[in-house]
Every structure is written in structure tokens, then in C-alpha cells.
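Lettering of chains follows the sequences in order, A, B, ..., and the numbering in each one begins at 1.
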2 protein chains.
Amino acid sequence: MSLRYALLALLSVEPMTGYDLYKEFESSVGHVWHAPDSQIYPELRRMEKDGLLEGEEVVWGQRGKKRQYHITEAGTAAFRDWMNGTLEYSRVRDPAHLKAAYLEWAEPEAAREQMRAHIRHHTAQLEQWREKVREIEQGTSPMLTRRLATLPASEHSKTTAFKKFTYQGLIARAEQEIAWAQQGLALIDELYPAG
Amino acid sequence: MSLRYALLALLSVEPMTGYDLYKEFESSVGHVWHAPDSQIYPELRRMEKDGLLEGEEVVWGQRGKKRQYHITEAGTAAFRDWMNGTLEYSRVRDPAHLKAAYLEWAEPEAAREQMRAHIRHHTAQLEQWREKVREIEQGTSPMLTRRLATLPASEHSKTTAFKKFTYQGLIARAEQEIAWAQQGLALIDELYPAG
DNA sequence: GAACACTAACTATGGACATAGTTAGTTGGA
DNA sequence: TCCAACTAACTATGTCCATAGTTAGTGTTC
């Protein structure tokens with residue numbers, strides 16, 4: 001259900017095609033929410049059917065065309081309602097922690113490699129999120145810049161602050177995961193003193 | 001795919017029925033991995049077809065019967081292979097952070113309530129995981145006790161250490177989430193000084 | 001003007017997961 | 001003895017999501 005609101009969030013800035021949205025999910029917004037194009041196109045059609053969006057054929061070159069969607073009033077209202085409601089949290093389901101609980105089954109070196117992979121994964125994410133925070137602070141985030149251009153100056157600080165707050169939370173989480181995996185490496189060394 | 005390995009992890013202790021496994025997912029192991037029974041029963045049949053398990057009819061009362069599954073050698077090998085391999089990490093998809101990024105759309109009080117819900121959710125998890133660590137330390141975890149009984153004494157410390165390590169990681173994560181949401185509450189107060 | 005990368009949109013398949021049922025037997029207490 | 005709660009297992013539906021294609025037009029470059 002969240003994909004729908006991620007799409008509404010983007011379309012609240014400006015009209016976009018499915019392909020535009022797909023590219024956003026591959027880059028900028030993709031660092032908070034990801035979706036493949038095979039999920040985006042049908043969802044856009046469903047949203048149009050539900051009255052949240054309106055699509056319009058736009059010419060592209062000589063013979064080409066593309067479908068550009070813009071958010072409707074009902075779409076804006078639905079997004080606002082989602083924001084004013086409370087999220088339901090789903091049950092834990094984390095493969096990395098499931099695996100960690102049974103690492104005694106792995107060879108010591110495989111266990112270490114799993115911890116290193118955990119560190120690599122979260123380090124890569126960390127760098128992307130830190131870059132995002134830098135962009136927000138320096139006003140060089142293209143999407144945020146376009147968003148701010150649609151809003152009165154009085155809204156700018158809030159809009160910016162929540163984006164930065166979000167990325168900082170993700171950064172803190174990644175740092176915690178890295179610290180945990182480092183403790184894991186230390187634990188493995190302790191449990192398998194030979195090597 | 002992880003459900004399969006969560007089931008193998010449990011069945012490596014002793015034979016169980018689908019219902020036994022379902023109950024484990026509702027309580028003990030459910031604090032690391034959750035699955036509904038409607039997912040467990042078909043997965044067990046698929047695993048039997050793949051030769052990882054063998055099911056056997058067991059009488060239950062006068063007319064009742066139940067199907068008890070035990071892990072095969074191929075099942076043990078598959079679990080060990082999974083443990084020795086490296087996990088693939090999936091892309092970010094976190095509704096709470098997606099929502100946090102656009103909290104300027106919410107009423108201040110709704111934004112606060114979202115942060116409070118985040119704190120409530122992670123506090124509840126925290127308590128369950130802390131209780132798990134206590135059980136592990138005091139040797140009162142039923143599942144772990146039964147597992148240790150199947151293993152030579154030399155394996156006990158490793159088996160226990162990785163379970164504790166896992167829960168400690170989940171605890172640290174939950175604590176981080178709570179701290180983040182508290183920063184969120186402070187930020188909302190700052191951005192909406194009136195109320 | 002052919003090749004190539006990109007834009008644009010869609011389809012097909014299968015697994016994962018949530019939610020909501022159904023059917024039938026067992027066990028223990030009022 | 002009956003009822004409620006529990007044990008046991010299964011089905012059905014729909015969404016979500018990953019993976020892997022397909023088709024067709026555009027724009028640039030060698």
C-alpha cells in the first residue's frame with residue numbers, strides 16, 4: 001500500500017510519466033523506497049481508476065507518445081489522510097538476524113564473511129544517505145529544489161527538516177547495524193580462537 | 001525463501017507438526033521471524049517434495065491424526081549450505097521512514113502521534129527481546145534448552161552466544177528507533193512552536 | 001545510415017505474505 | 001454431558017514484489 005503514497009509524494013511536486021517515476025525510484029527517492037517499473041505501471045493505472053491521478057497523452061518526438069500523470073484533488077486528499085493516520089507496523093522478518101541466530105552452523109570463515117557482508121551493505125547505504133543529507137543541506141537536491149519551488153517560503157524549513165530527519169534516522173540505523181556486525185566479528189574470534 | 005530456513009532451524013531440534021511450528025512462530029521464534037499458518041503448511045509440503053523433510057502420520061487421541069515432520073540429511077545439508085552462503089540484501093522499503101520524510105503534510109498532532117506510535121511499537125518489541133535475553137542468560141528458554149540437549153557440551157557456548165548476540169542486535173536497533181522518534185517529537189515542537 | 005544507448009510502457013511468472021475463512025477432532029471444566 | 005477452548009490442517013483471495021522478458025520509438029555518434 002505504501003507504493004501508492006510514495007508515488008503520490010512524488011507527483012505532488014509535478015506531473016510525471018511512469019518512466020520518470022521509475023527513474024526516481026532507481027536514484028533519489030530509491031534511497032528511501034524502491035519499486036521496479038513492473039510494479040509502478042499497473043499501480044499508476046489502478047490509481048487513475050481510483051481517481052487519485054489523471055493521465056494524459058503527451059507527444060514525444062515525431063511518432064512517439066508518453067502518458068503523463070498528474071495528481072487530482074482526491075489524490076492530494078488521500079495523501080494527506082495517509083499522513084494524518086497512523087501506520088500499522090508489520091511483524092519482524094529479518095533474514096540477517098534469523099541467520100545470525102544460528103551462526104554456530106556455519107564455518108567460522110563463512111560466519112565472518114556474513115558479518116562483513118552486513119557491514120558492506122550498510123556502509124554502502126550509509127554513504128548514499130550521507131550524500132543525501134549533504135545535498136539537502138547545500139540545497140543541491142534536484143527533487144527537493146523543485147518541491148520547494150512549489151511551496152511558499154514559510155513551508156521551506158519544515159519540508160527540508162523532515163527530509164533531513166528521515167535520512168538521519170536511516171544513517172543512525174545503518175551505523176548501529178555496522179557496530180552490531182563488528183561485535184559479531186569479535187564474538188566469532190572469541191568463540192573460535194584457533195582461526 | 002527465509003521461511004524455509006527458519007523452519008529447518010526449528011526442525012533441527014526435534015520433529016514437529018505444522019501446528020507446533022505455527023505456535024513457535026506465534027511466540028518464541030516469532031520474535032525474530034513471523035509466518036502465518038497459511039504459509040507454513042504449504043511450505044512444509046513443498047519442503048517434503050524437495051526432500052528436505054519427511055512427514056509421518058501420528059495418531060492423536062481416538063480418531064485424530066497429525067502429520068509430524070522430521071528433517072532429512074538433505075535438509076540438514078541445505079540448512080548448512082544456507083548458513084555457509086552469503087545473504088542477499090533487499091532494497092530499502094520502510095513505510096515509517098517514507099512517511100517521516102513528508103510529515104510536513106500532517107497536522108502537528110498527527111505527526112506527534114506517528115512518532116509516539118513508533119516509540120510504542122519499538123518499546124513493545126524491546127521488552128520482548130529483553131525478556132528473551134533474560135531467558136537465554138538464565139537457561140529458561142524452552143526451545144534453547146531442548147536444542148542444547150541434542151548437542152555436545154562443547155557446542156553449548158557457541159549456540160547460546162549467537163542467540164544472545166542476535167537479540168542484542170535487535171534490542172540496539174529498537175533503542176535507536178526510539179531515540180530517533182524522540183528526536184522527531186522534539187523537531188515537531190521546534191517547527192510548530194504554537195502547539 | 002547503422003549501431004547503440006536510452007526512453008517509454010507493458011507482460012508473464014512465481015513466490016511471499018496478509019487476511020479470512022472452513023472442517024474436524026480433542027480435552028478439560030461447569 | 002455438554003460446551004468452550006484448543007489442536008490440527010487446509011483453502012481462497014488478493015496484494016506485493018522480484019525477475020525476466022517484449023515491443024517500439026528517440027537521439028546521438030561513429
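- When the side-chain hydrogen bond (donor to acceptor under 3.5 Å, both in side chains) test is applied to B/Y89, the partners found at least two apart in sequence or on another chain are A/Q114, A/H118.
- Among pairs with a residue in residues 68-92 of chain A, those fulfilling salt bridge (Lys or Arg N to Asp or Glu O under 4.0 Å) read A/R91-B/E26, at least two apart in sequence or across chains.
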Check residues 131-139 of chain A and write down every donor-acceptor pair under 3.5 Å in which the side-chain atom is one partner and the other belongs to a residue at least two apart or another chain.
unit_1	atom_1	unit_2	atom_2	d
A/E131	OE1	A/R134	NH1	2.6
A/K132	NZ	A/E135	OE1	3.3
A/E137	OE2	A/K164	NZ	3.2

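- The side-chain tip of A/R67 points at the ring of A/Y69 from less than 6.0 angstrom away and within 45° of straight on.
- Look at CD on B/E24: it is 15 Å from C1' on D/dT7, rounded to the nearest Å.
- As a whole-Å value, the separation of A/Y22 OH from D/dC17 P is 17 Å.
- Rounded to a whole Å, the OH atom of A/Y5 is 14 Å from the P atom of D/dT15.
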Spell out protein contact along nucleotides 8-19 of chain C as letters: B when the base is contacted, S when just the sugar-phosphate is, - when no protein heavy atom is under 4.0 Å; keep the 5' to 3' order. BBBBB---SSSB
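- Residue pairs that meet the salt bridge (Lys or Arg N to Asp or Glu O under 4.0 Å) test with at least one member in residues 182-194 of chain A, sequence neighbours left out, are A/R112-A/D189.
- Distances shorter than 4.0 Å separate some side-chain N or O of A/R63 from OP1 or OP2 on D/dT26.
- Applying the salt bridge (Lys or Arg N to Asp or Glu O under 4.0 Å) test to residues at least two apart or on different chains, the pairs with a partner in residues 99-108 of chain A are A/E104-B/K163.
- Rounded to an integer number of Å, the gap from B/Q62 CD to D/dT7 C1' is 15 Å.
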